[in-house]
Enquirer: 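I am attaching a structure below and will ask some questions about it afterwards.
By convention in this document, chain letters (A, B, ...) are assigned in the order of the sequence lines, proteins followed by strands, and residues within each chain are numbered from 1. These numbers come from a predicted model, not from an experiment.
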Amino acid sequence: MELTLKNLQKSFGKKEVLKGISFSTEGGKAFGLLGRNGAGKTTSIRIIMGVFSADGGEVLIDGKPIDYNKIQIGYLPEERGLYPKKKIIDQLVYFANLKGMNYKSAVKSVDYWLRRLNMTEYRDKRLDTLSKGNQQKIQLITAIAHNPQIIILDEPFSGLDPVNAMILKDVVKEQIKKGKIVLFSSHQMNYIEEFCDKIAILNNGKIALQGELYDIKRNYVRDKLIVRSENADKIVEELGECCSLTETGEIKIQLNSENEKQNMMKTLTEKYDIDEIKVFEPSLNDIFVEYTKN
Amino acid sequence: MNQFSTILKFELKSCFQKKAFVGITIFLVLVIAFVMFSPRVFGMFSDDDTQSSESKPVILVVADSPKNADFLKKYFAKAFVDYDVKISDKNLTDVKNQIISQKAECAFVLKSLSSYEYYVNNLSLYDSNTQIADEALENIYRMNEMEKNGVPMENVEKVFNTSIEHDTKALGQNQAQNFFYTYIMIFALYFVIIIYGQMVATNVATEKSSRAMELLITSAKPVSMMFGKIIASCLAGLIQLVAVFGSAYLFYNINKPYWTGNPLIESIFNMPLELLVYMVIFFILGFFIYAFLYGAIGSTVSKLEDINTAVMPLTLIFVIAFFVVVYSMTNGSVDNIMMVVCSYIPFTSPVAMFTRIAMSTVPFYEILISIAILVASVIGIGVISAKIYRVGVLLYGTTPKIGSLLKAIKKA
């Protein structure tokens, strides 16, 4: 199964929120939707879910317009919230019912997930008696209990302790393995790098960069060097503006072009006492900052 | 449809689980049970005749001269049938003390047959004793004068004791008889619409402020959400009305023999059945008009504490409608121009037209027109409210201005 967004456009009043968003992702893979606050991620997600209709463009499943009667979507919103005063089992079953499950199978599925997430003891408790992390696990159940084909997770790891984060990771990996389309939206780039094969970076309603994460990193222009040396201060002073010190005390040297790499390495090793010298490999975080910095 | 019934069931269950709903219903049923069983219960303990004459409050009459004492006692006793009239020859201080110590309720100290002082401990707003005494003394004066002019005493008494027989045939409604049940029903309509309407607004705002809306809006269609909630509240309101009025009817029937001769209670329980049907019709239609708007308003509010200010204008409209109706009822003029106008305006017609049907004679076609306008308005307001709701539920931050909301609705 393939989910495709084709040239989505959306305005609220005079504000153009989406200016032609296109990307596609397939089952069995996780897709990372990145972007700064207000870049248009939530609007894109809401259009995928059919909450808004787009002003232009389409949401397609295997090339045909999405049919919400056939395709089930599970959603973990960034703004968490359920009924604080209601029993957990009641509201989880209610949400599964709303997604089209009958009462019996909803109860069965909810009980399975409560067990899976070590939450069975809270089954008949009110939601507001739970800690924030546990409330988040309950919220996750609303996104997956009805066995959806598409799962959209908006900041799924925020507020989770390392043990709970591990449990969630296992669940997400399992869902990907089952062939589901998983759409990730997060500012925690390490999780995106861990899960996503493909990403799209949104900036001001447009896609600033998209593709396979591996390719993005590989195709990144190799025109920066990272140098570790006892004479760091001296190097920075002598090379001038193209140098900067990183947080870890290494020197980052911006070259005019990739071709200068060899010469610069040679010069540095001849002139200074160098411990280590390598070409700069950007993290997703670096790429993100570069493409979304206005 | 499936989604709608899921929401309806969930909301209805939430309603029944609310302590306030259960508590108020039980409380009202208990109060009604207490009132309805009271004559039976109190009847067991009391011995009617002796008790009632003993417990009559005392009126003291101080005659202007001893020769008038018998005369005055006779006529005052006739005028004040519910009192024990005693002639007192004590001085003024003793009389006052008796009143202060509550041995007597009041005293008439006569200076002459045409002048007196009235003594009472606390003068009630509704004290009409002086009017009764004035009338009694006027009669005494007239009789004395006639006797002086040579009319024999028995003739005089005959003239004054003539009783006129009359029989009222109300061709339309008897307002004296149906005032109370109309009042009770209007009150019930008013409270149920206000309470359950506001409950809809609060529920929507709660879902928004707890952010459960984020998930709901992606799980169900806004129209199903709104209608599910409103119809659940309407059913809860109806169930409460049926519980309260039904238990009243049941308790009345159990205690029927004890209530014979009580015109108020008998009039309430002998109300025409068609009036109940009209009450249900106007309740449902009136409820929908207000609940749709309450729901729409609730959807535009992001914080629960803003809900009261947001719904205030709507509540005020209904409060004004209620007061116009109650004012017209107490004035006995339920067909005044204001009421006629109000009985066609959809926001006021549920109470205004219902009152006119109950207390006056309204041509059937007028009732039909009023109901038709109401039905059309319910549909119209339902459609507009659903649009506001769709837009409103996703708006967070400051409550939107009406202008910007209308623009958003046009687009929706």
Enquirer: Does atom NZ of Lys19(A) have more than 12 heavy-atom neighbours from other groups under 6.0 Å away?
Expert: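 Yes, NZ of Lys19(A) has more than 12 neighbouring heavy atoms, counting only those of other groups under 6.0 Å.
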
Enquirer: So do the side chains of Ile217(B) and Tyr75(A) get within less than 4.5 Å of each other, counting heavy atoms only?
Expert: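 A side-chain contact under 4.5 Å is absent here.
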
Enquirer: Using a 4.5 Å cut-off on heavy atoms from C-beta on, say whether the side chain of Ile7(B) contacts that of Tyr94(A).
Expert: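 Touching, per the 4.5 Å side-chain cut-off.
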
Enquirer: Rounded at 0.5 Å granularity, tell me how far NZ in Lys9(B) sits from OH in Tyr103(A).
Expert: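 Lys9(B) atom NZ to Tyr103(A) atom OH measures 10.0 Å (nearest 0.5 Å).
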
Enquirer: Please determine whether the number of non-hydrogen atoms from other residues, nucleotides or ligands lying under 6.0 Å from atom CZ of Phe27(B) exceeds 12.
Expert: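 No, CZ of Phe27(B) has 12 or fewer neighbouring heavy atoms, counting only those of other groups under 6.0 Å.
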
Enquirer: Kindly check if the number of other-residue, nucleotide or ligand heavy atoms within 6.0 Å of CE (Met1(A)) is above 12?
Expert: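 Atom CE in Met1(A) is packed in, count exceeds 12.
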
Enquirer: Using side chain to side chain contact (heavy atoms under 4.5 Å, CB included) as the criterion, point out the one residue from Asn2(B), Leu215(B), Thr6(B) that pairs with Leu98(A).
Expert: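 For Leu98(A), the side chain to side chain contact (heavy atoms under 4.5 Å, CB included) test succeeds with only one of Asn2(B), Leu215(B), Thr6(B), which is Thr6(B).
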
Enquirer: With a 4.5 angstrom heavy-atom cut-off, is it the side chain or the backbone of Phe52(A) that approaches chain B, or both, or neither?
Expert: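 Just the side chain, heavy atoms under 4.5 Å.
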
Enquirer: Side chains of Thr218(B) and Ile45(A): closer than 4.5 Å at any heavy-atom pair?
Expert: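 No. Closest side-chain heavy atoms not under 4.5 Å.
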
Enquirer: Show every salt bridge (charged side-chain N to carboxylate O under 4.0 Å, His left out) that has at least one partner inside residues 86-109 of chain A, sequence neighbours left out.
Expert: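 Counting only pairs at least two positions apart or across chains, the salt bridge (charged side-chain N to carboxylate O under 4.0 Å, His left out) contacts touching residues 86-109 of chain A are Asp90(A)-Lys13(B).
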
Enquirer: Supply the atom-to-atom distance Asn97(A) CG to Ser219(B) OG, rounded to the nearest 0.5 angstrom.
Expert: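 Asn97(A) atom CG to Ser219(B) atom OG measures 11.0 Å (nearest 0.5 Å).
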
Enquirer: Taking CZ in Phe34(B) as the centre, count heavy atoms belonging to other residues, nucleotides or ligands within less than 6.0 Å. Is the count above 12?
Expert: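 No, CZ of Phe34(B) has 12 or fewer neighbouring heavy atoms, counting only those of other groups under 6.0 Å.
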
Enquirer: Are any non-hydrogen side-chain atoms of Arg46(A) and Glu214(B) less than 4.5 angstrom apart?
Expert: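 They are in side-chain contact.
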
Enquirer: So among Arg80(A), Glu79(A), Gln139(A), which one has a side chain to side chain contact (heavy atoms under 4.5 Å, CB included) with Arg211(B)?
Expert: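 So, applying the side chain to side chain contact (heavy atoms under 4.5 Å, CB included) to Arg211(B) and each of Arg80(A), Glu79(A), Gln139(A), only Glu79(A) qualifies.
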
Enquirer: Does Phe157(A), at its CZ atom, have more than 12 non-hydrogen atoms belonging to other residues, nucleotides or ligands within less than 6.0 Å?
Expert: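 Enclosed.
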
Enquirer: Step through the shown structure and confirm whether more than 12 heavy atoms of other residues, nucleotides or ligands are within 6.0 Å of NZ on Lys132(A).
Expert: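 No.
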
Enquirer: Check whether any side-chain heavy atom of Glu207(B) sits under 4.5 Å from a side-chain heavy atom of Tyr83(A), and report yes or no.
Expert: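 With C-beta onward as the side chain, the pair touches.
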
